[in-house]
Amino acid sequence: MKATKLPSGMWRVLAYAGKDSSGRPVRKSFSGPDKRKVLSDAAAWVDEHRKVDDTSCTFGDAADDFFILRKSALSPSTIRGYMNISRQLSAKYPWFWNSRIYGIGSDDIQALILALTRSGLNPKTVKNYTGFISTVFQSKQTRMPIVNHPQKIRPELNIPDIFTVKRTLAAAKDNTELWICIMLAATGPLRRGEVAALEMKDIDFDNNVVHVCHDMVMGPDKEWHIKPPKTPTSDRYIIMPEELITAIRTQGYVTNWTPKQIYNKFNWLLKKNDIPHYRFHDLRHFCVSYLKAMGVEDLYIAQRTGHSDYAVLRNVYAHTLQDHQKTVDEKILKDLKRFTA
């Protein structure tokens with residue numbers, strides 16, 4: 001159960017104890033100034049009312065209840081992802097969707113994982129499915145059985161070199177808005193959603209500092225929404241090139257485009273100027289690669305990119321870091337020759 005703080009300062013919990021004999025959800029709302037007491041009272045009520053007939057509840061029923069109870073507490077992008085997974089499970093894996101949730105064992109989920117993998121989904125997407133399943137289990141005050149996931153595949157990044165990035169910026173010189181978007185990604189490095197959500201009030205023009213504190217994401221309603229960053233480390237302050245800050249000040253705004261429009265404008269620019277295709281997001285990879293080549297330590301790169309820990313940075317940019325490691329190794333071996341000289 002999750003406690004939500006109301007505008008009045010009170011805490012509220014919507015407790016769920018299953019369904020009655022007619023199939024109607026059994027719920028009760030608890031509120032009060034003490035968060036722990038509200039949660040305790042709600043949990044005690046759930047335990048007391050567990051006698052209602054919930055044994056026939058299927059995973060699909062539990063997923064529907066989850067959306068009703070938790071939808072307002074999740075970000076639009078998370079809800080959109082979860083709803084897409086639920087549609088896929090319902091349409092393609094009815095044998096799982098219609099199984100009794102309290103009867104689902106590790107073998108059942110393992111069989112689903114195998115089916116998802118054979119359908120061509122990558123390990124990361126498969127783990128998104130099991131993440132959703134685990135969340136639905138938790139909403140029923142029970143744990144998902146332990147399962148084994150497919151081995152992770154290290155991503156193959158298409159990192160543009162500095163010559164390609166310079167060509168791209170030169171091609172965008174007559175389109176200030178697009179040039180600004182590219183520079184924010186290549187030097188920030190900001191994600192598309194962060195670029196689209198950036199406002200003039202987020203920029204310290206005296207010190208050339210950008211405050212990345214919002215993200216633009218598409219919700220389940222197919223509309224774009226502005227929300228806080230997914231993780232606290234994504235809320236960050238980044239010093240930017242003076243030329244970029246000056247261009248934003250002169251233009252009078254950052255961009256009026258959505259992430260999808262930035263994607264389309266960028267692809268159009270590459271095609272028009274015969275620049276080898278790469279993704280807008282690959283500018284972010286370029287920035288990390290460039291910073292590593294400069295000898296910047298992981299700590300500072302993670303602070304600039306907004307990664308929550310170094311492990312993510314190392315896993316995502318493994319090839320870039322390995323290339324840098326080769327340079328470091330060569331320097332070490334060169335210095336060690338002094339012992340034998």
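The basis for the numbers below is simple: all heavy atoms, side chains too, and nothing from hydrogens, waters or symmetry mates.
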Does the [X] side chain pair with the main chain of [Y], one donor and one acceptor, at a distance under 3.5 Å?
{"X": "Thr168", "Y": "Thr164", "value": "yes"}
{"X": "Ser119", "Y": "Leu116", "value": "yes"}
{"X": "Arg284", "Y": "Pro189", "value": "yes"}
{"X": "Ser99", "Y": "Trp95", "value": "yes"}
{"X": "Ser40", "Y": "Lys37", "value": "no"}
{"X": "Asn122", "Y": "Lys124", "value": "yes"}
{"X": "Thr250", "Y": "Thr246", "value": "yes"}
{"X": "Asp161", "Y": "Phe163", "value": "yes"}
{"X": "Ser86", "Y": "Met83", "value": "yes"}
{"X": "Arg191", "Y": "His281", "value": "no"}

Report whether [X] and [Y] are members of the same hydrophobic cluster (ILVMFWY, side-chain heavy atoms less than 4.5 Å apart, transitive linking).
{"X": "Ile162", "Y": "Leu270", "value": "yes"}
{"X": "Leu121", "Y": "Leu114", "value": "no"}
{"X": "Ile226", "Y": "Val217", "value": "no"}
{"X": "Tyr102", "Y": "Ile109", "value": "yes"}
{"X": "Leu269", "Y": "Met183", "value": "yes"}

Return yes if a side-chain donor-acceptor contact under 3.5 Å exists between [X] and [Y], otherwise no.
{"X": "Thr187", "Y": "Tyr290", "value": "no"}
{"X": "Asn267", "Y": "Asn264", "value": "no"}
{"X": "Thr125", "Y": "Asn128", "value": "no"}
{"X": "Gln251", "Y": "Thr176", "value": "no"}
{"X": "Asp235", "Y": "His211", "value": "yes"}

[Y] side chain reached by [X] side chain, heavy atoms, under 4.5 Å:
{"X": "Phe66", "Y": "Gln138", "result": "no"}
{"X": "Leu14", "Y": "Thr4", "result": "no"}
{"X": "Asp215", "Y": "Ser234", "result": "no"}
{"X": "Ile245", "Y": "Asp204", "result": "no"}
{"X": "Arg12", "Y": "Phe30", "result": "no"}
{"X": "Leu178", "Y": "Ile182", "result": "yes"}
{"X": "Tyr129", "Y": "Leu89", "result": "yes"}
{"X": "Arg100", "Y": "Cys57", "result": "no"}

So which atom in [X] and which in [Y] form the shortest heavy-atom distance, rounded to 0.1 Å?
{"X": "Ala91", "Y": "Pro94", "answer": "O-CD, 4.1 Å"}
{"X": "Ile113", "Y": "Val126", "answer": "CG2-CG1, 3.9 Å"}
{"X": "Ile104", "Y": "Pro145", "answer": "O-CG, 3.8 Å"}
{"X": "Met200", "Y": "Ile248", "answer": "SD-CG2, 3.6 Å"}
{"X": "Pro33", "Y": "Trp11", "answer": "O-CD1, 3.5 Å"}
{"X": "Tyr253", "Y": "Glu177", "answer": "OH-OE1, 3.3 Å"}

Crowded around [X] [atom1]? As in, over 12 foreign heavy atoms under 6.0 Å?
{"X": "Leu6", "atom1": "CG", "result": "yes"}
{"X": "Tyr237", "atom1": "OH", "result": "no"}
{"X": "Lys227", "atom1": "NZ", "result": "yes"}
{"X": "Tyr93", "atom1": "OH", "result": "yes"}

Nearest 0.5 Å please: distance from the [atom1] atom of [X] over to the [atom2] atom of [Y].
{"X": "Ile262", "Y": "Arg192", "atom1": "CD1", "atom2": "CZ", "result": "7.5 Å"}
{"X": "Arg87", "Y": "Trp97", "atom1": "CZ", "atom2": "CH2", "result": "10.5 Å"}
{"X": "Ser134", "Y": "Lys127", "atom1": "OG", "atom2": "NZ", "result": "11.0 Å"}
{"X": "Leu184", "Y": "Leu283", "atom1": "CG", "atom2": "CG", "result": "10.5 Å"}
{"X": "Met218", "Y": "Lys260", "atom1": "CE", "atom2": "NZ", "result": "8.5 Å"}
{"X": "Ile238", "Y": "Glu194", "atom1": "CD1", "atom2": "CD", "result": "7.5 Å"}

Exercise for the section: May I ask you to say whether Lys140 pairs ionically with Asp65, meaning some side-chain N is under 4.0 Å from a carboxylate O? Expected result: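 Salt bridge between Lys140 and Asp65, a charged N being under 4.0 Å from a carboxylate O: yes.
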
Exercise for the section: For the pair Arg249 and Glu242, find out whether any cationic side-chain nitrogen is under 4.0 Å from an anionic carboxylate oxygen. Expected result: no

Exercise for the section: Could you check Val296, Ile239, Leu190, Val212 and say which one makes a side chain to side chain contact (heavy atoms under 4.5 Å, CB included) with Arg304? Expected result: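 Answer to the side chain to side chain contact (heavy atoms under 4.5 Å, CB included) test with Arg304 among Val296, Ile239, Leu190, Val212: Ile239.
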
Exercise for the section: Tell me whether the centres of the aromatic rings in Tyr278 and Phe266 are closer together than 6.0 Å. Expected result: yes

Exercise for the section: Kindly say whether the aromatic ring centers of Phe132 and Tyr82 come within a distance under 6.0 Å. Expected result: yes

Handout entry: Pairs flagged by side-chain hydrogen bond (donor to acceptor under 3.5 Å, both in side chains) wherever residues 103-112 is involved - sequence neighbours left out
Key =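 Non-adjacent pairs meeting side-chain hydrogen bond (donor to acceptor under 3.5 Å, both in side chains): zero.
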
Exercise for the section: Could you give me the CA-CA distance, side-chain angles and deciding distance for Tyr300 and Gln303, then say whether side chain to side chain contact (heavy atoms under 4.5 Å, CB included) is met? Expected result: CA-CA 5 Å; Tyr300 301 106; Gln303 289 175 346; 3.7 Å; yes

Practice task
Decide yes or no on side chain to side chain contact (heavy atoms under 4.5 Å, CB included) for Ile159 and Asp282, but give the supporting numbers first.
Solution key: CA-CA 6 Å; Ile159 304 177; Asp282 291 329; over 6 Å; no

Exercise for the section: Please work out which of the three classes, parallel, tilted or perpendicular, describes the rings of Phe96 and Phe59, given edges at 30° and 60°. Expected result: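 It falls in the tilted class, 30° to 60°.
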
Exercise for the section: Dump the intermediate steps for side chain to side chain contact (heavy atoms under 4.5 Å, CB included) on Arg143 and Phe137, then the final yes or no. Expected result: CA-CA 6 Å; Arg143 288 187 178 184; Phe137 267 80; over 6 Å; no

